[in-house]
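In what follows, every chain begins at residue 1, and chains take the letters A, B, ... in the order their sequences are listed.
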Amino acid sequence: MQVSLDPSNPRPVPADVAPVLHLDGITKTFPGVKALSEVSLSLYPGQVTALVGENGAGKSTIVKTLTGILQPNAGTITLDGQAVVFPTAQHATDAGITAIHQETVLFDELSVAENIFIGHQPRTRFGLIDWAAMRARAREILDRIDADLDPDMPLHELGIASKHLVAIARALSVDARVVIMDEPTAALSHKEIEELYELVERLKSEGRAILFISHKFDEIFRIADRYTVFRDGQHVGEGLIAEIDEGELVRLMVGRSVDQIFPPRDHRVGDEVLAVSGYSHPTEFQDISFTLRKGEILGFYGLVGAGRSEVMQALFGVTKPSGGEIRIDGTAHQVRSPSDAIDAGIVYVPEERGRQGAVIGLPIFQNVTLPSLAQTSRRGFLKLSEEFALTREYTERLDLRAASLDQDVGNLSGGNQQKVVIAKWLATKPRVIILDEPTKGIDIGSKAAVHAFMAELAAQGLAVIMVSSEIPEVLGMSDRVIVMREGLIAAELTGDELTPETLVRHAAGIGA
Amino acid sequence: QDTVRIALVVKALGIGFFEAAAKGAEEAAEELGNVEIIYTGPTDTTAEGQIEVINSLIAQQVDAIAVSANDTDALVPVLKKAMDRGITVISWDSGVAPEGRQLHLNPSSNALIGNMIIKLAADELPDGGKVALLSATTTSTNQNTWIEEMNKVMGDYPGIEVVATVYGDDLADKSYREATGLMQTYPDLDAIIAPTSVGIVAAARAVEDAGKVGEVNVTGLGLPSEMAGAIESGASKSFAIWNPIDLGYSAAYLAYELATGDAEAGPGAEIPMGRMGTLTLDDNGEGAMADPFVYDASNIEEFKSIF
Amino acid sequence: MTDAASPRHVPDRLQSPAARLLKSWEVLLLAVAVAIFIANSLASPYFLNAWNLSDATFNFTEKAMIAFAMALLIISGEIDLSVASIIALASTAMGAAVQMGAGTPELVAIGLLTGLLCGAFNGVLVTGLGLPSIVVTIGTMSLFRGISYIVLGDQAYRGYPSGFSYFGQGYVWWVISFEFVLFAVLAVIYGVLLHKTNFGRMVYAIGNNATGAAFSGIKVARVKFILFLLTGLMSGIAAICLTARLGSTRPSIAFGWELEVVTMVVLGGVSILGGSGTIPGVVIAAFVMGLVTFGLGLLNVPGIVMSIFIGLLLIGVIALPRLWQKWRP
Amino acid sequence: MTAFLKSREAILLGAIAVLLVLIASRFPAFVEPSNLARVFTDTSPLIILALGQTVVILTRCIDLSVAANLALTGMVCAMLNAAMPGVPLAAILLLAVAMGAVMGAINGVMVWKLSIPPIVVTLGTMTIYRGLIFVISDGAWVNAHEMSPAFTGFPRFDILGLPVLAWIAILVTALFFVMIARTPLGRAFYAVGGNPGAAVYTGIDVGRTQFMAFVISGALAGLTGYLWVARYSVAYVDIAGGFELEVVAACVIGGISIAGGAGTILGTLLGALFLGIVKNALPVVNISPFWQMAISGTAIIVAVAFNARSSRSKGRIILKSAEGHA
Ligand SMILES: Nc1ncnc2c1ncn2[C@@H]1O[C@H](COP(=O)(O)OP(=O)(O)OP(=O)(O)O)[C@@H](O)[C@H]1O
Ligand SMILES: Nc1ncnc2c1ncn2[C@@H]1O[C@H](COP(=O)(O)OP(=O)(O)OP(=O)(O)O)[C@@H](O)[C@H]1O
Ligand SMILES: [Mg+2]
Ligand SMILES: [Mg+2]
């Protein structure tokens, strides 16, 4: 199988269908970033086009240009052979283009029905919102996607997966010719993902054109008819899925082949460092007990909402547990706040990097020294030279790419922000480091670097807990895996038990 | 001789009463020839605002400051400083504690005013009745002095009972609400006495709105221009005020006399004030200008366009 | 540690601190202050006079003392609108103590303590119960001054001991007043606290991202509580100075000051959204406001017209850089 | 219905009922319909302004300039009437609304186009608008006798036992109920305040919606400016000084979240009525008016603590001191 890297020589398009939507020469720049550079994209009725590319390749940006949220600097959008412009999201909706965006586009204080219809509510003759019609139509759409939700329920009473269903219902509330899905399965459970695939099939059969963005190769190969690849804001290839294989697609995405994703590990582990027993929380989790050894990587797997993050945040003192005990090296520690945890030697690299991890607005060095100020200061007075020295020590170990150490972390790419957060914790010389979804939203290239680094930390004797929802990552990195389901430990797996099948079975509660 | 610069500092700019006083001061300046009047004051009735204004007057090295004070005591330090720098300081209308000024010019004597406000109410109530007081800002001195003086002479008006004293803060809306509240609380109220020009107008308006014209008589101290409507509607039968033009005139005249060294303030001193005669100071360094003047339907037309 | 293996060298700084300073808000503001100073000396012959300038400082010293603490509070993402009411309550407490025969040391202690208590009350409501500070302090603004009204009504407390007046009327040397010295000392203390200590660093971290700061082990609630305490304490100090300057207490004392203090802080370049701002900026803003009011006062411009200038200045200095950014090619 | 019984509005309604019973026990005349009508009339300006403020706060903004806007518009109307008594009332009403809307639009444009924080914008315009009154009037008052009878009579003109002022408050409230529940703009206020980032994706222009909120708030402040001046038959620089905080207080007591996106029109109405009843009851039940300030301060604190408590249970993150106001 051969794929041309020359975009001027695209694969032949099936002769019988003409694209319903065609973008050409789209360029979009942000201050300092050229997010898209003369890219093209075509969508065909009754076909699914997968858009693939590394993080920051510009996938979401093209979705936003296509839906009127961003205005391109140059380029044309052709809909049914007519040139169109979308000054606002409303115009795109009116033209029959609808999207499930990567960000949650929902409103907690509004009801399910309103969330589905906000921006294009059904109206009465007098131009007022017709609530009865809105409820009825919401009901209809929810039924279509098998979502058993009350249209009048306020959104904040729903779980995270149900919210996602509302987002999907919202996209379907417009009778659209073009449906865009930007990483729609990222927050869904196994069952809901299957239902989504069915929905995609149905939309296809109704003749709608679908743009499907995903980082998950299995699903791309399962549902897509065509692919388009972006790399660093440029169009680098497109064609029929039938004519390409996974390795080839990865090579297109990253511009090189990624042969080995997981670093080799020496699985020898040392003495027990951490022992957690009977940790409980009134609503989130119960009776969590496990141990962790020096040099070990302990994986935590579970479906979204299983309560893994909550357990980790409780260990780190962010959330208050209702009972249980933590021992470090055999000594009991009361962890009531993050500073207690840090003192005890437990640190936490959170899942939500921008909100919980990095302090955006502060320079890199101030982020790194934030928990170590006592160490870099004299009697409470700052010593900048020591702060820079400490920062340099750890950021160099992590190979941080930045213009300067007094640059705002907000200007760094996601992977480098993650390095700053990890450097911050290493500077406190922890015993246990918890990484919550450490590669979430990080592209394949940086992922490998994070994995290598995690292996190195373990090799240096740190005890590592890794929370991850990606089965390959869990299997590839962990010495041992704890599977959580609905706030409880469902299983603890080692050695031969570590197969994708056992993980999924325990996580979903399907009898083993 | 150089121009004598006299600053007329009022409680707050924009109050009709003080605008009229400024007119009087200008009249005195014209009469005296080499006088420049600086009419100034804060924009709300606070002591801090007056202090800032007085500080800038000290900086300008004016020759005299004549102030109607928002606070008896709070102005003392800054006025002392002014006197230390050789500036003549007098207070008028609303006084400053004796150590903060050379003399104080009362528009009338407090005793006369105190008697006048209750007499105006009592004259309309030959068989006695219930009256209530609607006072002004909680931080101004003169209303409280007058009410005190009024209480001293209550014995002279047997059938009259004062049922309540409320404060309208010299705000139109608050005074209005307080007056309405009074009529609610005391359905058989006969009169509201408001010894403040803001309060009396608001009270008259409240009586009109409550449909109690003829039942409740509003009286006290007010300006003819503002009260003309109330006299016409009958909400107020009569009210009193001294002439603010005369007051401003006298204040400017006194300040001039002291600033030029033509007169000396002290107990018993007699200081000329042009067409208003002379001011005789008591032991507190205070003097009274004249009797309050009563306005009613018979003379309101004549005065309403003047002040 | 020399790490030759490091593939990439990241410099500490791209810009020297001096270069950064030159482009800063403070320099812009300083230029405004100098311009106003020159304009004033041209407009009025009385302006350039040591005593007059000394008198002018009273227009802002007390407010600026509160503004220092308020700056930290606003940088941390909170606000305290009750400061003027704390002055009223502290002054009332001191006045009541005078009636019971308290001397100057007791009065000072009572003033400071009342300020601290009010600050603690705000702090508990905001950090303990997790309520939004803007609403809480609108509430306590009414409550604190309301208590003064209940206690004093239309009365006034006076009769402060003569030694007490030094705090508001005393001069340390020639034209240098006690208040001005206190203002300068507090400016230095707050400057050091914010810019040179761990505590100051935490304040910035919290203001930029309170959640991230908490996840870095900073005791966010405790830091914010201390900031409310400091703001209360500064209001107590301002209450002592103002009461000593006025020599009397009425419940309407310092009415409306909270907005002037906030204006001073914002004019000083502190982001109302938190996370950025400096004490030197606030100091310059205090001088700018003092110079504008004093200069216009010399021309006998009414205070309310001055406030138009302050309002225009406030919006202008924030809008102009944004307009410039917007319209430049 | 049961949901309503548990809502903030029901609790506030209960609090008002308890308050009225307490007052009635000392002073029965207070709860006579005629007096309640009078209290409502007296509270009308607060209700109108608080409704305007509600939409502003819903969009995560705040408008501190309403009272200054009211006073400036009121002064212009009064001066116009004094100078040209012949100008018809309809024209004056139109002028008041338009002028207020323009001042609101000035706030809105700075928030929308320059992204200056609303509190800074309105703090600035508050002093500017207030100062302009002094500039145009030279500090002079406009008094009752300078105003025409039609001008001062309109707000107090009686229709079916209620003055026009009260009817206007009722009308504005009714319009707000319709606007908030039944128009896309009304829903957009919630969307913009609840999740501004997401609002963009639904085709709602966040800045423009905030601008509209300011225009509405300004227009109502302008309308109230005329009504206020006509009702009290006087216009001067300081009218309604500090009223902006009372307006914000009414919203907060009514359960409008200062963080935006949450709250109801009914809540605001009840919040304003609560303050109005307290204010009118104090002189009647013989509590010194000096207590009023402390009481409304306490009411604000209790209300906000209560609102926070009732919405707390939803949050899953327990480190609330960091999360609550990040
Ligand atoms: N509002 C913005 N301001 C500045 N830069 C932006 C903005 N939005 C996106 N970018 C930049 O544009 C580039 C493309 O981002 P985009 O979100 O389209 O990537 P993506 O392919 O969707 O990535 P992901 O797989 O992580 O979703 C990135 O470098 C990003 O940092
Ligand atoms: N029913 C729910 N309602 C609201 N939020 C929820 C709900 N369930 C989960 N969440 C939120 O989703 C996030 C993930 O949930 P949680 O931490 O319990 O599980 P997890 O196993 O760590 O999942 P993840 O893989 O997403 O981290 C949390 O931030 C949690 O607050
Ligand atoms: Mg994306
Ligand atoms: Mg998680």
Side chain from CB out, backbone as N, CA, C, O: work out which of these in B:Ala202 comes under 4.5 Å of a heavy atom of chain D, or both, or neither. neither

CD1 of D:Ile239 to CG of B:Leu171: how many Å apart, nearest 0.5 Å? 10.5 Å

Mind ranking B:Ala172, B:Gly181, B:Gly229 by heavy-atom pairs under 4.5 Å with chain D and telling me who comes out on top? B:Ala172

So which residues of residues 152-170 of chain D are in contact with chain B at a heavy-atom cut-off of under 4.5 Å? D:Arg156

Just checking heavy atoms, which of residues 34-41 of chain D are less than 4.5 Å from chain B? D:Asn35, D:Arg38

Residues in residues 123-136 of chain D near chain B [non-hydrogen atoms, under 4.5 Å]: D:Phe134

So for D:Val234, is it side chain, backbone, both, or neither that comes closer than 4.5 Å to the heavy atoms of chain B? side chain

Counting heavy-atom pairs under 4.5 Å with chain D, which one of B:Thr180, B:Leu182, B:Val166 comes out on top? B:Thr180

To the nearest 0.5 Å, what is the distance between CH2 on D:Trp141 and CD on B:Glu19? 11.0 Å

Rounded to the nearest 0.5 Å, what's the gap from CG on B:Asp209 to OG on D:Ser233? Could you check? 7.5 Å

Is there side-chain contact between B:Asp173 and D:Trp228, with heavy atoms separated by less than 4.5 Å? yes

Go through the structure and list residues passing salt bridge (charged side-chain N to carboxylate O under 4.0 Å, His left out) with D:Asp42, not counting sequence neighbours. B:Arg177, D:Arg231

Heavy-atom count check: over 12 atoms from other residues, nucleotides or ligands less than 6.0 Å from B:Glu232 CD? no

I need the B:Gln184 CD to D:Phe30 CZ distance, nearest 0.5 Å. 8.5 Å

